[in-house]
Amino acid sequence: MPSLGWVFVGAVLGFGRILHASPINERDHFSAADTITVDVCIVGGGATGTYSAVRLSQDLGKSVVVVEKEDILGGHTNTYVDPVTKAPIDYGVQAFHNLSVVTNFFARFNVPLTPVPLTTPFTTEYVDLTTGKVVAGYSPPDPTTALEAFAAQALKYPYLASGYNLPNPVPADLLLPFGDFITKYGIQDAVPTIFTFGHGVGDFLAVPTLYIFQNFGLPQLESLATASYLTTAHHDNSELYQKAAVLLGSSVLYKSTLVRAERHVNGLHHITVQTPDGLKLIKAKKLLMTIPPILENLTPFELDHHEHEVFKQWQYTTYYTGVVRNGAPVNISISNTATSSPLHIPTSPFVRNFDYSGIPNLHVFSTVSDCPQTLGQVEALIMGEISLCQTEGTFPAAAGAATIEAINNHTPIQMRVPAESISEGFYADLYALQGRHGTYWTGAAWAQDDSSLLWQFTEGILPLIIKAME
Ligand SMILES: Cc1cc2nc3c(=O)[nH]c(=O)nc-3n(C[C@H](O)[C@H](O)[C@H](O)COP(=O)(O)OP(=O)(O)OC[C@H]3O[C@@H](n4cnc5c(N)ncnc54)[C@H](O)[C@@H]3O)c2cc1C
């Protein structure tokens, strides 16, 4: 029991909850076989967790263990293999920037990359999915001039490409609701293009402009302008993670979650993990968190006051993607285009699109909601809108009944905070947590929600971990 004096000092410094943590007795009872001792425990085996595990273990000489709740690596990378044609369809992560951090990572696993074509052989139809009708007379405006104006604004914030190192005060334009920013700079004609990249934010016209730039900023503008986006030549982005899984072998604990994380016990973190083979104790010098740092994910921790005050502020979007068979016409992609809302932006919750996959009868869809949505609600939304389009005669009767072949929940995505929090220094407070209690952080909440840029961001975090272990 700490003395009252230490409790007071701890409370002032924000460590009150740590000092009050009840001792974990279980650790004394773990057998050697159930105890894993490593340099770094990585929580989450998605884009940044897998990348970190490979770099730390293969290049930087550190032992690692990855705790991953699913039975595969890759996070938002989803690939459906059509049982009819055996063709893979990526319905999660699609494309990467042509950066050395990307090409080196794919080359390591001998996964060939190819440029993403900027044009599609398929026709796009603009349908209001809430009415099931084609939006009469609508075609997207020529975005060229408006995109140039948008790019001129993006150039004012070069630091956004590497995260949230925002100046103080934060530039007022970054705090503007994006709808106001559009009006201020007269960039209405660029909205369909920007929405293609930024629709995941949910309430597109209301979010602070900062988050639009974090979805469609300088790196994306450059990859688009130079036609340099890359994807896997086999059109199977999961190949990267399958090969990484082979390399990492038993260093990954699948279907595993943290039960309790006690940081800094005699210089080591003691992390109790529920695995399919029972409880394990991980003893690690450092902890690298790559999962979304929302309070719900952090219940195994005794967060200190500062951590709690920062992490409680997150807002995020509910997002599902999947593949539907016989949902929309062959060779046609559907772009949800709201007839009556400003700039034709659909209102939440909405199905963003039915993109033709190139494989007969299969379309990829995504759904966006500002509020939580269950799988059942999302499936009902999709099937209801397909049915409406068929009733209205917009989609001809399909060869068979529409079926959802695959669906994945990507929630939480688009981690963000209100404009007021941004201006009050949220990101300075967030970044100040890096390394605190021997805990390091990377992943989508910490920089642009984009695998390539997050790998680059992670390259900045790994040396901090290495240095702290010297
Ligand atoms: C549908 C979709 C399409 C995208 N397309 C692209 C694209 O084309 N190009 C691009 O660059 N970026 C794309 N992104 C963004 C990109 O996927 C993210 O920026 C990137 O995956 C973030 O990496 P991460 O490591 O933070 O999270 P993730 O890749 O999501 O990894 C987090 C991992 O942690 C695991 N996990 C979560 N909670 C726990 C827990 N409590 N315990 C243990 N494990 C847990 C998850 O299962 C997951 O494997 C897309 C995102 C989505 C949702």
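Each ligand, and each atom within it, is numbered from 1 in the order the structure gives. No hydrogens, no waters, no symmetry mates; every other heavy atom, side chains included, goes into these values.
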* To do: Could you check Q373 against Y320 for side-chain hydrogen bond (donor to acceptor under 3.5 Å, both in side chains), going step by step and ending with a plain yes or no?
  => CA-CA 9 Å; Q373 269 194 309; Y320 287 76; over 6 Å; no
* To do: Give the contacting part of Q94 toward ligand 1: side chain, backbone, both or neither, where contact means a heavy-atom distance below 4.0 Å.
  => both
* To do: Would you mind listing which atoms of ligand 1 come within a distance below 4.0 Å of any non-hydrogen atom of T290?
  => 26 (O)
* For L221 and A154, work out which heavy atoms get closest and say how close. => CD1-CB, 3.9 Å
* Heavy-atom contacts with V67 under 4.0 Å: which atoms of ligand 1 show up? List them by number with element. => 43 (C), 44 (N)
* Crowding at CD, E222 (>12 non-hydrogen neighbours, <6.0 Å) -> no
* **Polar proximity ligand 1 side, H76 side, N/O cut 3.5 Å exclusive** => yes
* Name the closest protein heavy atom to atom 37 (C) of ligand 1, giving the residue it belongs to and the distance to 0.1 Å. => K69 CE, 3.3 Å
* Residue, atom name and distance, where the atom is the protein heavy atom closest to atom 18 (C) of ligand 1 -> D449 OD1, 3.0 Å
* Under 6.0 Å from the CG atom of N104, do we count more than 12 heavy atoms belonging to anything else shown? -> yes
* Asked: Counting heavy atoms only, which of P300, G74, G46 is nearest atom 33 (C) of ligand 1?
  -> G46
* Asked: Considering only protein heavy atoms, which is closest to atom 22 (C) of ligand 1, and at what distance to one decimal place?
  -> L454 CD1, 3.4 Å
* Structure fact -> of all protein heavy atoms, closest to atom 47 (O) of ligand 1 is E68 OE2, 2.6 Å
* To do: Could you tell me the residue and atom name of the protein heavy atom closest to atom 26 (O) of ligand 1, and the distance to it rounded to 0.1 Å?
  => A444 N, 2.8 Å
* To do: Give the residue, atom name and distance (to 0.1 Å) of the protein heavy atom nearest atom 9 (N) of ligand 1.
  => A95 O, 2.7 Å
* Structure fact -> Out of A47, G45, S52, the nearest non-hydrogen contact to atom 23 (O) of ligand 1 is supplied by A47
* Asked: Has the side chain of H269 got a donor or acceptor atom that lies under 3.5 Å from a matching backbone atom of G438?
  -> yes
* Structure fact -> So the atoms of ligand 1 within less than 4.0 Å of a heavy atom of G443 turn out to be 26 (O)
* K255 NZ: over 12 foreign heavy atoms closer than 6.0 Å -> no
* To do: Would you name the heavy atoms of Y229 and A95 that are closest together and state the gap between them?
  => CD2-CB, 3.8 Å
* Asked: Tell me: protein heavy atom nearest atom 4 (C) of ligand 1, and distance?
  -> V93 CA, 3.7 Å
* Mind telling me whether F395 and F354 have parallel, tilted or perpendicular rings, with 30° and 60° as the class edges? => perpendicular
* Asked: Considering I291, N409, N237, which one's heavy-atom position lies nearest to atom 45 (C) of ligand 1?
  -> I291
* Between the side chain of Q456 and the main-chain N/O of S452, is any donor-acceptor distance below 3.5 Å? -> no
* To do: Compute the minimum heavy-atom distance from F96 to ligand 1 and say whether it is under 4.0 Å.
  => no
* Only one of F311, Y431, W314 clears ring pair (Phe, Tyr, Trp, His ring centres under 6.0 Å) with F426; which? -> W314
* Please work out whether any backbone atom (N, CA, C, O) or any side-chain heavy atom from C-beta onward of T48 is under 4.0 Å from ligand 1, and answer side chain, backbone, both or neither. => both
* Residue Y319 vicinity, atoms of ligand 1 by number, heavy atom under 4.0 Å -> 1 (C)
* Asked: Tell me, which protein residue and heavy-atom name are nearest atom 11 (O) of ligand 1, and how many Å apart are they?
  -> S451 N, 2.8 Å
* To do: Could you tell me whether the side chain of T275 and the main chain of L279 form a donor-acceptor pair under 3.5 Å?
  => no
